[in-house]
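Here is the structure we will look at, set down as C-alpha cells.
Read the numbers this way: they start at 1 and go in the same order the structure lists the ligands and their atoms.
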Amino acid sequence: MTRIVSTSPQAPSDVVTDVPATTAADVAAAADAARAAQRDWAATPAPQRSAALTAFADAVSRSAQDLAALVVREVGKPVTEAVGEVARTVAILRYYAQQALDPLGETYPPATGGLSFTVRRPRGVAGLITPWNFPLAIPVWKTAPALAFGNSVLVKPSPDATGCALRLAELAAGVLPDGLFTVLPGGAETGTALVDLADVVSFTGSGAVGRQVAVAAATRGIAAQCEMGGLSASVVLDDADIAAVAKQIAYAAMGFAGQKCTATKRIIVAGDDRREAEFTDALRTELDALICGDPADAGVAVGPVISAAAAEKVRDAVAEAEAAGGKAITRATDGGPGHFVVPTIVTGLEPDDPLNTDEVFGPVCTLTAVPDTATALALADATSYGMATSLYTHRLDVVTSYVETTRTGMVKVNAPTTGVDFHLPFGGEKESGYGGREQGKAARDFYTSLRTVQIS
Ligand code: NAD
C-alpha cells in the first residue's frame, strides 16, 4: 500500500504525517458519501449553512496556535507568515459565511410579460486539488465558497502538506455534517481519480499538472479552474524611491524562500547605469538584512525549501545561469540539517535565459537593467506566465496603459507581487491561470451554475 509521508523541511528526520494513500475505490466511496451529503446541504436554509461556516471559523480560530506551529513544522513557513495564514484562513471562512446569504440571481424585464430571472444552483461535489505552500489558506479559499453555495467538498492535498489538511478535517468534523468536507491523502493517482468523479474541479499547483487536470475535466465536460505557476516581475521605473522599493522587493523575492506563486522572480530596473548600480547596491543590503534560518524563530524571513529535490533544482538553476554568464549576488546563511538554500539574485542574463522563462520554486530571482519604461514593461510581459506584476512608479498614465495591454492577472502598484486580499478576485492569465478567478465575489460564479427561468 502506498504511504503518504510528510517530513519537516528544517528537520527532515521529523516525520509529520505517515498515512495510507487513498485508493481509487476509496475516492469513489468518498464521492458517494459527498454526493449524499450535498443533497441535504443544498436543501439546508442558507442561514444554517452560514452558521456552520462560522462555527468552522471559530474552530480554526480556537486552534490557531497549534495550526500555525503545524504549518511551520510541516512546510517550513516562517512563523510570522504561518500565524498570518491561520488568521487569513479564519477570515476567509467568516467572509464566505456571510456570502452564503447573498442574492442568488437577478430579475430581468420580461420580453412579453410574466417574469424572467436567473438563479444560481450548487454544482454538486467539488474536487479540490491543492499544493503545499499555503497548506490551510488554499484548501479553505476553495472550500469556503464551495460550501457556502451548497456544494460538498473532497480535498486532495499535496502529500507534503497532508498533516495540515487532516487537521482541518478534524476541526470540520466537529461542526459540519458527515461527508461534507473530506480530505483524501494521496498523490497523482488519487488526484486523477478525484478529477474523474467530481462535478467541478479547482486545482492549484504547477503548470504541468494543471494542464493535465484541465484536459481531464474538459473531457468530462465539467467546470475546472487551474491556478498554476508564475514568474512575476517587479518593475522599478525611474521615479521610484530605490531604498524603499529594494526592501519590499527583497522580501517579495525571498520571503518563505521564494515559494509563492506570486513571488517576484524577475526584477526589472529602468534607467541608466548609475541607477542600476544604485538599485543593485540597495538590493544587496536588503538581501543581507533578511534573517535566514529556523522558520520557528520569530523574525526569520527565509527558511528551508520544501524538499531535498527542490533544493537541488534551485542550486542547479543557479549554476546553469552562472555558466551562461550570469553573476550571482548571494548572502551567507547558517544552514542546518534541513533543505536550506542560499538566497540568490542573478544579474546579467539574457531575457530568454531559462531563469527568466521557467519557474524555479525557491529563493532565486533575476535582475535585469533596461534603458527605459517601454522596454521594462515589454520585458515584464515577455514570458508565458501571467500571474502578477508590480509597478514601482507614481506615473498614473503608465499604470493605466499597462493595465490595458498586459496579460497579467494582477497588477500591483507600489506594492509587492506577493500578498493576496481574499475579498478580491485572484488568478493569473496565460500559463498561470485557466478557467476563471478564485476568491472574492468571483468564487460564486465558479461554484454555482446558472438557471435562466422565464415564466409567461
Ligand atoms: P504540483 O503541481 O506538484 O501539485 C499540486 C497538486 O496536484 C498536489 O496535490 C499533487 O499531489 C496533485 N497532483 C499531482 N499530479 C496530479 C495528477 N496527475 N492529477 C491530479 N492531481 C495531481 O504543485 P506543488 O509542488 O504542490 O506546488 C507548487 C506549484 O504550485 C508552483 O508551481 C506554484 O507556482 C504553484 N502555486 C500556484 C498558486 C496559484 O494560485 N496560482 C498558488 C500556490 C502555488
Side-chain angles (χ1 to χ4, degrees), residues 2 4-6 9 21-22 24 27 74-77 85 127-142 154-162 164-165 183-198 201-217 219-220 224-232 256-265 305-307 309-310 313-314 358-362 383-388 408-410 417-420 422 424-440 442-443:
T2 309
I4 298 300
V5 179
S6 72
T22 314
V27 174
E74 191 168 41
V75 304
K77 182 167 289 200
E85 179 169 346
L128 310 180
I129 300 177
T130 55
W132 52 267
N133 61 340
F134 288 86
L136 302 176
I138 292 181
V140 166
W141 85 42
K142 296 176 189 297
L154 297 174
V155 183
K156 208 302 284 168
S158 162
D160 293 324
T162 302
C164 288
V183 169
L184 309 172
E189 276 179 38
T190 307
T192 311
L194 180 56
V195 176
D196 283 347
L197 288 166
V201 172
S202 180
F203 166 92
T204 300
S206 63
V209 177
R211 281 186 286 278
Q212 289 177 41
V213 168
V215 169
T219 307
R220 291 193 53 227
Q225 173 184 68
C226 298
E227 286 302 334
M228 300 171 278
L231 206 60
S232 297
F256 188 23
Q259 300 170 113
K260 299 175 190 171
C261 60
T262 51
T264 292
K265 294 290 171 200
V305 294
I306 189 70
S307 63
K313 257 191 209 164
V314 179
D358 304 326
E359 181 188 54
V360 177
F361 216 52
T383 77
S384 56
Y385 295 97
M387 182 57 70
T408 296
M410 292 172 290
T417 50
T418 51
V420 171
F422 61 82
L424 300 182
F426 170 83
E429 301 217 349
K430 299 193 282 185
E431 288 182 23
S432 291
Y434 170 85
R437 295 292 187 258
E438 298 197 86
Q439 305 194 65

Note the single closest protein heavy atom to [atom], along with its residue, its atom name and the distance in Å.
{"atom": "atom 14 (C) of ligand 1", "value": "V209 CG1, 3.7 Å"}
{"atom": "atom 41 (N) of ligand 1", "value": "M228 O, 2.8 Å"}
{"atom": "atom 10 (C) of ligand 1", "value": "K156 NZ, 3.5 Å"}
{"atom": "atom 35 (C) of ligand 1", "value": "G205 O, 3.2 Å"}
{"atom": "atom 27 (O) of ligand 1", "value": "P131 CB, 3.3 Å"}
{"atom": "atom 28 (C) of ligand 1", "value": "F361 CE2, 3.7 Å"}

Taking atom [atom1] of [X] and atom [atom2] of [Y], what is their separation to the nearest 0.5 Å?
{"X": "E359", "Y": "S206", "atom1": "CD", "atom2": "OG", "answer": "8.0 Å"}
{"X": "S158", "Y": "I138", "atom1": "OG", "atom2": "CD1", "answer": "10.5 Å"}
{"X": "L128", "Y": "Q225", "atom1": "CG", "atom2": "CD", "answer": "9.0 Å"}
{"X": "T408", "Y": "K430", "atom1": "OG1", "atom2": "NZ", "answer": "6.0 Å"}
{"X": "T22", "Y": "L194", "atom1": "OG1", "atom2": "CG", "answer": "9.5 Å"}

When you measure from [atom] to each heavy atom in [options], which option holds the nearest one?
{"atom": "atom 23 (O) of ligand 1", "options": "S206, A310, G428", "answer": "S206"}
{"atom": "atom 5 (C) of ligand 1", "options": "T204, L184, V75", "answer": "T204"}
{"atom": "atom 34 (O) of ligand 1", "options": "E359, M387, Q439", "answer": "E359"}

Residue-level breakdown please: for [X] versus ligand 1, do any non-hydrogen atoms fall below 4.0 Å on the side chain, on the backbone, on both, or on neither?
{"X": "T192", "value": "both"}
{"X": "A208", "value": "neither"}
{"X": "Q212", "value": "side chain"}
{"X": "F203", "value": "side chain"}
{"X": "I138", "value": "side chain"}

Counting each atom of ligand 1 from 1 as listed, which ones have a heavy atom of [X] under 4.0 Å away?
{"X": "C261", "result": "34 (O), 36 (N), 37 (C), 38 (C), 39 (C), 40 (O), 41 (N), 42 (C), 43 (C), 44 (C)"}
{"X": "I129", "result": "6 (C), 7 (O), 9 (O), 12 (C), 20 (C), 21 (N)"}
{"X": "W132", "result": "24 (P), 25 (O), 26 (O), 27 (O)"}
{"X": "P159", "result": "11 (O)"}
{"X": "F426", "result": "40 (O)"}
{"X": "S158", "result": "8 (C), 9 (O)"}
{"X": "P157", "result": "9 (O)"}

**Asked** How far apart are the C-alpha atoms of K77 and F134, what are their side-chain angles, what is the distance that settles it, and do they pass the side-chain contact (heavy atoms from CB on, under 4.5 Å) test?
**Response** CA-CA 9 Å; K77 182 167 289 200; F134 288 86; 3.2 Å; yes
**Message:** Would you say that more than 12 heavy atoms from the other residues, nucleotides or ligands in this model lie under 6.0 Å from the NZ of K313, or not?
**Reply:**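 No, not enclosed.
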**Message:** What I'd like to find out is whether the side chain of D358 reaches to under 4.5 Å of the side chain of L231, using heavy atoms alone.
**Reply:** no
**Asked** Where do Q259 and W132 land on the side-chain contact (heavy atoms from CB on, under 4.5 Å) test, with the steps shown first?
**Response** CA-CA 10 Å; Q259 300 170 113; W132 52 267; 3.1 Å; yes
**Asked** Which pair of heavy atoms, one from S432 and one from G230, lies closest together, and at what distance?
**Response**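 The pair with the smallest heavy-atom distance is OG-CA, 4.0 Å.
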**Asked** Hey, does the Lys NZ or Arg CZ of K156 hover above the aromatic six-ring of F203, less than 6.0 Å from the centre and inside 45° of the axis?
**Response**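 So K156 doesn't make the cation-pi contact.
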Is a donor from one side chain sitting under 3.5 angstrom from an acceptor on the other, for [X] and [Y]?
{"X": "T417", "Y": "T264", "answer": "yes"}
{"X": "K260", "Y": "T418", "answer": "no"}
{"X": "K265", "Y": "T383", "answer": "no"}

Within-cut-off N or O pair, [X] and ligand 1, under 3.5 Å:
{"X": "N133", "value": "no"}
{"X": "V213", "value": "no"}
{"X": "T130", "value": "yes"}
{"X": "W141", "value": "no"}

**Message:** side-chain contact (heavy atoms from CB on, under 4.5 Å) for K142 and E438? Distances and angles first, verdict last.
**Reply:** CA-CA 8 Å; K142 296 176 189 297; E438 298 197 86; 2.9 Å; yes
**Request:** State whether any protein heavy atom lies less than 4.0 Å from atom 1 (P) of ligand 1.
**Result:**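 Looking at atom 1 (P) of ligand 1, one finds that a protein heavy atom does lie closer than 4.0 Å.
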